[in-house]
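Read through the structure below, which is laid out as structure tokens, and then see the notes.
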Amino acid sequence: MSRARTRTAVLSAGLVVLAALGACTGQQPPGPTQPMAVRPDPRPIADEVLNRAIEQINQRGTARTSVRGDLGMVGELDADGAVRYGNSQTDIELAGQTHSSRPNPLQLAVVDGVGYVNTPMAQPAPGKPWLRIDPGAGDFGAKLLGPALQQMHQAVDPRATFTGVEQATRVQSSAPDDVDGRPATRYDLRVRTEQAAKMAPDEQQRKRFEEAAHAGEREMGFQLWIDGSGAPVKFTATEEVKQAGQVSLTSTYRDWGSPVAIEPPPTEEVGVFEDAPPVAQPPR
């Protein structure tokens, strides 16, 4: 056999041996990629704080309140009044003013889920100073002001936000504070919207978190101040509201359990806007 043929045979044999060794000792092709483990949320769940606050609201039933903040297109709000917390409804009575181009007096009542607003900027008819806002109605006033009224309702009643979604709420931070000279603890809370939407027992509440999650808002932030008994003394909520823009309201509470009287205005003084009203001129 010639030297060239001998070298070729040896080389071929060597390649076969190397291939066999590689098959025995080489690494196997990687299997299916394993999903990455979800890191647990290190923030504490807010259930203990919220359960205690909700329990105190339900037990005491009433409070005096002040509401300050931005009602979007309606303007800045500065009002005082009272709240009565029922099992399924929260009744509100407020008196104060809004500020847009100039101050305008405002009276507001919410009784059995229906709102009533009295302001010179929204007079439904002569002799009828109160505008009726029923969220279930199809009139112009309900469509225009219903979302902002609902947000105000939620701002004075933390139960509307947190009931049923305590496990989806995290304590971002907490610190000692005081509210009007009263010692309290401030909790910065974050509601995880996708999780809350699956847990929320109320339809409006569930829709609120679903819309936020679909808009890419993974968490909604709130601030809640609690006194030593566990009762709320202050609550802040900010939200983008249809027809109103960004609504940001802060409610403070005092005189828990004090007697309050909240009634709807006289029927003969109440009207509605079936269609868009004429533009009201501000008082001179």
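FYI, side chains are in, hydrogens and waters are out, and symmetry mates aren't considered; it's all heavy atoms of this structure.
In this structure the side chain of M220 reaches within 4.5 angstrom of the side chain of R208, judged on heavy atoms. With contacts defined as side-chain heavy-atom distances shorter than 4.5 Å, the pair L50/L224 qualifies. Residues Q97 and H99 are in side-chain contact: their nearest non-hydrogen atoms beyond the backbone lie under 4.5 Å apart. You'll find the side chain of T252 reaches within 4.5 Å of the side chain of S66, heavy atoms only. Considering only heavy atoms from C-beta on, I226 stays 4.5 Å or farther from R52 through its side chain. For the pair S251/K234, no side-chain contact is recorded, criterion being any heavy-atom separation below 4.5 Å from C-beta on. In this structure the side chain of D177 reaches within 4.5 angstrom of the side chain of W225, judged on heavy atoms. Considering only heavy atoms from C-beta on, D80 comes within 4.5 Å of R68 through its side chain.
Without hydrogens or angle criteria, T193 side chain to E217 main chain gives a donor-acceptor distance under 3.5 Å. For Y253 (side chain) and V156 (main-chain N/O), a donor-acceptor pair under 3.5 Å exists by modelled atom type.
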Open item on the list: side chain to side chain contact (heavy atoms under 4.5 Å, CB included) for H153 and T90? Distances and angles first, verdict last.
Closed with: CA-CA 7 Å; H153 211 175; T90 304; 3.4 Å; yes

TODO: Just do the side chain to side chain contact (heavy atoms under 4.5 Å, CB included) check on R159 and N58 with the steps written out, would you?
DONE: CA-CA 9 Å; R159 301 178 307 174; N58 292 335; 2.7 Å; yes

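If you check the side chains of D47 and Q167, you find a donor sitting under 3.5 Å from an acceptor. With hydrogens and angles left out, the side-chain atoms of S173 and R43 include no donor and acceptor closer than 3.5 Å. Side-chain atoms of R60 and S229 include a donor-acceptor pair closer than 3.5 Å.
Here I45 is tied to no hydrophobic group at all, with no ILVMFWY side chain closer than 4.5 Å.
A237 meets the side-chain contact (heavy atoms from CB on, under 4.5 Å) test with Q151, F222, F235; sequence neighbours excluded. Taking R206 as the reference, nothing meets the salt bridge (charged side-chain N to carboxylate O under 4.0 Å, His left out) condition, with sequence neighbours excluded. Under the rule for a salt bridge (charged side-chain N to carboxylate O under 4.0 Å, His left out), D227 has no partner lying at least two apart in sequence or in another chain.
Salt-bridge annotation for R186 and D188: present, with a side-chain N of the basic residue lying under 4.0 Å from a carboxylate O of the acidic one. D41 has a carboxylate O that lies under 4.0 Å from a charged side-chain N of R192, or vice versa, which qualifies the two as a salt bridge.
Linking ILVMFWY side-chain heavy atoms closer than 4.5 Å, directly or via other members, places Y85 and V67 in a single hydrophobic cluster. In the hydrophobic clustering of this structure, L189 groups with V165; members are Ile, Leu, Val, Met, Phe, Trp, Tyr whose side-chain heavy atoms approach within less than 4.5 Å, directly or through other members.
Within 6.0 Å of the CD atom in E48, the count of heavy atoms belonging to other residues, nucleotides or ligands does not exceed 12. The number of heavy atoms from other shown groups lying within 6.0 Å of CD (Q56) is above 12. For CD of E268, the number of neighbouring non-hydrogen atoms (other residues, nucleotides, ligands) closer than 6.0 Å is greater than 12. Dense packing is recorded around CZ of R182, with more than 12 heavy atoms of other residues, nucleotides or ligands lying under 6.0 Å away.
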Validation: residues 107-121 side-chain donor-acceptor distances under 3.5 Å, sequence neighbours left out:
unit_1: T119; atom_1: OG1; unit_2: P105; atom_2: O; d: 3.2
unit_1: T119; atom_1: OG1; unit_2: M121; atom_2: N; d: 3.4

Just distance, no hydrogens or angles: give the donor-acceptor pairs under 3.5 Å from side chains in residues 256-263, sequence neighbours left out.
unit_1: W256; atom_1: NE1; unit_2: P232; atom_2: O; d: 2.9
unit_1: S258; atom_1: OG; unit_2: D255; atom_2: O; d: 2.8

